[in-house]
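Report on the following structure.
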Amino acid sequence: SCSGPASGPGPGPLSEGCPGEADLTLSLSPADAELVRQARLSPSVAFMQGRLKTSGDNALLLRVLAWSATDAFAPALAAWSAQAEAAAAR
């Protein structure tokens, strides 16, 4: 939703995006994205190795990377994956 930041930990639910420019953009190869989804590659390690490319707000990047190291990341990632798979099946 474009109404403002989500409440609770993490960046919020998967959405189509909001009009305008993103505050932060993260890019991974499909293979590395799958490794992150499988918890075999952490986003922080991918970033330090140059495998996670970013543009935008570096302060937000640090918050996202810190959040990705918490216990809340795995369930949120699983929920996003399920949403993306359901959307792709439509």
S55: side chain to side chain contact (heavy atoms under 4.5 Å, CB included) partners, not counting sequence neighbours |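 Only T25 meet the side chain to side chain contact (heavy atoms under 4.5 Å, CB included) criterion with S55.
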
Criterion side chain to side chain contact (heavy atoms under 4.5 Å, CB included) on L26 and L61, from CA distance to verdict = CA-CA 9 Å; L26 306 174; L61 169 64; 3.9 Å; yes

Close side-chain approach of V36 and P43, heavy atoms under 4.5 Å |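 A side-chain contact under 4.5 Å exists here.
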
Step by step, work out the side chain to side chain contact (heavy atoms under 4.5 Å, CB included) result for L62 and L60.
-> CA-CA 5 Å; L62 293 176; L60 179 56; over 6 Å; no

Verify the neighbour count for atom CD of Q49: are there more than 12 heavy atoms of other residues, nucleotides or ligands below 6.0 Å?
->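 Enclosed.
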
Only pairs at least two apart or in different chains count here, so list each salt bridge (charged side-chain N to carboxylate O under 4.0 Å, His left out) that has a residue in residues 51-67.
->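 For residues 51-67: D32-R51.
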
Hey, what do you get for CG (L41) to CG (L28), rounding to the nearest 0.5 Å?
->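 Between atom CG of L41 and atom CG of L28 there are 7.5 Å.
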
To the nearest 0.5 Å, tell me how far F47 CZ sits from L65 CG.
->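 The CG atom of L65 is 6.5 Å from CZ of F47, to the nearest 0.5 Å.
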
F73: what forms a ring-ring contact (aromatic ring centres under 6.0 Å, His included) with it, not counting sequence neighbours?
->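 Testing F73 for ring-ring contact (aromatic ring centres under 6.0 Å, His included), a comparison that skips the adjacent residues, returns W67.
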
Where at least one partner belongs to residues 39-48, residue pairs that pass side chain to side chain donor-acceptor pair (under 3.5 Å), sequence neighbours excluded |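 Sorted pair list: Q38-R40.
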
